[in-house]
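Quick note on labels: first sequence line is chain A, next is B, and so on, each numbered from 1.
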2 protein chains.
Amino acid sequence: MPRPDIQTSRRRALVQAAIAEIGKRGTLDVTVGGIARRAGVSSALAHHYFGSKDHILTAAMRHILQGLRAEHMRRLRGVTGPRERLRATIAANFGGQSFRREVIAAWLAFYVSAQHDREARRLLRVYQRRLRSALLSDLRPLAGDDAPQLADTVAALIDGFYIREASRTGAADPAGLAARIDATLDILLEARA
Amino acid sequence: MPRPDIQTSRRRALVQAAIAEIGKRGTLDVTVGGIARRAGVSSALAHHYFGSKDHILTAAMRHILQGLRAEHMRRLRGVTGPRERLRATIAANFGGQSFRREVIAAWLAFYVSAQHDREARRLLRVYQRRLRSALLSDLRPLAGDDAPQLADTVAALIDGFYIREASRTGAADPAGLAARIDATLDILLEARA
DNA sequence: CCACGTGTTGACTGATCAGTCAATCATCGC
DNA sequence: GCGATGATTGACTGATCAGTCAACACGTGG
């Protein structure tokens with residue numbers, strides 16, 4: 001009989017350890033041994049649960065993506081107007097867990113691995129499609145035919161600010177970045193009128 | 001007596017091979033052997049000229065940075081007004097060699113390695129500082145006190161569009177992206193007036 | 001208390017790779 | 001020609017690592 005509690009807790013611990021390890025090394029070039037050690041188990045167990053190193057890493061990316069999605073939903077709750085929803089969408093990318101050092105490092109590393117890893121590529125596409133469609137559906141009532149272009153621009157601003165942040169030192173100011181994008185969007189929307 | 005012609009041609013070939021190899025694999029996770037083979041020499045020779053793998057890779061990044069700088073200078077030649085200079089600065093990041101597949105892959109990979117490699121970090125800073133100061137000096141006459149914020153926004157747009165392009169499939173349209181940023185900047189500048 | 005399935009591990013293997021070294025090859029000044 | 005100096009390599013080493021395997025631990029149902 002499987003023991004789902006142990007199984008899921010081990011998997012969770014390994015995924016967390018993988019993200020932490022990626023953050024510490026700043027690369028996807030981590031070892032199964034390192035991840036397992038950090039999770040307090042043997043490397044053989046990591047293989048037992050995930051089968052391969054790639055599976056651990058894509059599970060980690062999936063976990064980050066889920067966190068981002070959850071953050072987005074949380075911020076959308078109770079928000080109605082399109083402009084306010086856009087604010088929430090933008091803020092979601094700079095809030096919650098998304099701005100933890102190791103998450104940024106992992107995110108960046110996944111962008112790289114999407115170049116050659118099929119599954120990483122697929123997951124990255126999911127994120128991009130999700131972001132674009134969220135932006136688009138709230139921009140359409142505000143900007144009509146310009147919505148697609150505006151959505152691309154806002155998405156680029158989000159990714160651009162986010163990734164530039166990855167190479168900074170010192171304290172980050174996620175809320176400030178979100179506010180900056182927001183203000184820019186205000187100007188772009190107003191100029192259309 | 002050293003034979004500078006051979007020395008430089010070998011070094012150049014190895015750096016080109018390194019960029020090509022990074023592009024093919026989509027990672028900084030390339031082997032000295034692979035680079036050397038692509039350059040038509042033994043891996044021992046690569047070590048002879050560069051001392052270590054890291055030295056080859058940072059040389060590759062330096063080469064890309066030099067190419068970007070050269071492209072920038074070329075596009076600035078004969079251009080005088082600040083608005084036109086801004087257009088040239090933006091276009092430089094999307095023109096020349098910068099948009100070749102392997103250069104994009106290498107650029108992305110360097111962003112990652114800047115997380116843990118001191119020299120990569122330094123080089124990335126050089127690029128960022130250069131871009132920011134170029135934008136700033138031409139934005140100041142147009143936007144006064146808002147110039148710093150605008151410079152950050154434009155820089156984020158450049159990096160954002162560039163990096164999003166890295167995960168695309170199909171044909172790229174670098175000129176179109178530059179034009180998009182340009183149009184956005186027009187709106188932002190006008191709104192200030 | 002036994003049998004069975006799951007959890008868990010240490011030890012091992014096969015492969016890969018960065019970097020070294022001693023030895024040849026080529027070229028140039030003399 | 002000849003020695004010196006750089007160019008170049010094949011073979012080697014030491015280390016690292018993903019993944020395997022056989023065995024042991026342990027709780028549960030019978």
Side-chain angles (χ1 to χ4, degrees), chain A residues 1-22 24-61 106 109-110 112-113 116-120, chain B residues 1-22 24-61 106 109-110 112-113 116-120:
Chain A
M1 189 188 313
R3 274 161 253 172
D5 45 331
I6 292 186
Q7 180 143 168
T8 55
S9 91
R10 285 286 190 232
R11 290 181 95 98
R12 196 194 314 272
L14 282 164
V15 164
Q16 299 280 12
I19 294 172
E21 196 75 4
I22 292 167
K24 201 192 81 183
R25 321 263 297 220
T27 304
L28 275 200
D29 213 345
V30 294
T31 68
V32 175
I35 294 170
R37 202 173 314 122
R38 188 181 284 265
V41 298
S42 71
S43 77
L45 195 67
H47 278 103
H48 174 68
Y49 279 121
F50 284 95
S52 80
K53 180 179 170 175
D54 279 347
H55 284 54
I56 303 179
L57 297 182
T58 57
M61 186 175 185
F110 282 128
V112 168
S113 96
H116 62 279
D117 182 303
R118 185 176 295 266
E119 179 67 2
Chain B
M1 191 186 311
R3 275 159 252 173
D5 44 332
I6 293 186
Q7 180 144 167
T8 54
S9 90
R10 283 288 190 232
R11 289 180 95 99
R12 195 192 318 269
L14 282 164
V15 164
Q16 299 280 11
I19 294 172
E21 196 73 3
I22 293 167
K24 200 191 81 182
R25 322 262 298 219
T27 303
L28 275 201
D29 212 345
V30 293
T31 69
V32 175
I35 294 170
R37 201 173 315 120
R38 188 181 281 265
V41 298
S42 71
S43 77
L45 195 67
H47 277 103
H48 174 67
Y49 280 121
F50 284 95
S52 80
K53 181 178 169 174
D54 279 347
H55 283 54
I56 303 178
L57 297 182
T58 56
M61 186 176 186
F110 281 128
V112 169
S113 95
H116 62 280
D117 181 303
R118 187 175 293 266
E119 178 68 1

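In this structure, B:Arg10 CZ and B:Asp5 CG are separated by 11.0 Å, a value rounded to the nearest 0.5 Å. Here B:Leu45 contributes atom CG and B:His47 contributes atom NE2; the two are 11.0 Å apart, rounded to the nearest 0.5 Å.
Between the NE2 atom of A:His48 and the P atom of D:dC24 there is a distance of 18 Å, given to the nearest Å. B:Leu57 places its CG atom 14 Å from the C1' atom of C:dC17, with the value rounded to the nearest Å. Here the C1' atom of nucleotide C:dT8 and the CZ atom of A:Arg37 are 17 Å apart, to the nearest Å. Between the CG atom of B:Asp29 and the P atom of C:dA15 there is a distance of 19 Å, rounded to whole Å. As a whole-Å value, the separation of B:Leu45 CG from D:dA11 P is 17 Å.
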For nucleotides 18-20 of chain D, tabulate all protein N/O to nucleotide N/O atom pairs closer than 3.5 Å, reporting atom names and distance.
{"from": "D:dA18", "atom 1": "OP1", "to": "A:Val30", "atom 2": "O", "distance (Å)": "3.4"}
{"from": "D:dA18", "atom 1": "OP1", "to": "A:Val32", "atom 2": "N", "distance (Å)": "3.4"}
{"from": "D:dA18", "atom 1": "OP1", "to": "A:Lys53", "atom 2": "NZ", "distance (Å)": "3.0"}
{"from": "D:dA18", "atom 1": "OP2", "to": "A:Val32", "atom 2": "N", "distance (Å)": "3.1"}
{"from": "D:dG19", "atom 1": "OP2", "to": "A:His47", "atom 2": "NE2", "distance (Å)": "3.3"}
{"from": "D:dG19", "atom 1": "OP2", "to": "A:Lys53", "atom 2": "N", "distance (Å)": "2.8"}

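When the side chain to side chain contact (heavy atoms under 4.5 Å, CB included) test is applied to A:Ser113, the partners found at least two apart in sequence or on another chain are A:Leu28, A:Phe110, A:His116, A:Asp117, A:Ala120. Applying the side chain to side chain donor-acceptor pair (under 3.5 Å) test to B:Gln16 and every residue at least two apart in sequence or in another chain returns nothing.
Taking both residues in full, the closest heavy atoms of B:Ile35 and B:Ile56 are given as CD1-CG2, 4.2 Å, listed atom of the first, atom of the second, then distance.
No contact: B:Phe50 has no heavy atom under 4.0 Å from any strand.
Between the side chain of A:Arg11 and the backbone N or O of A:Tyr49 there is at least one donor-acceptor pair closer than 3.5 Å.
In terms of phosphate contacts, B:Tyr49 brings no side-chain nitrogen or oxygen within less than 4.0 Å of OP1 or OP2 of D:dG6. A sub-4.0 Å separation between OP1 or OP2 of C:dT8 and a side-chain N or O of A:Arg10 is present.
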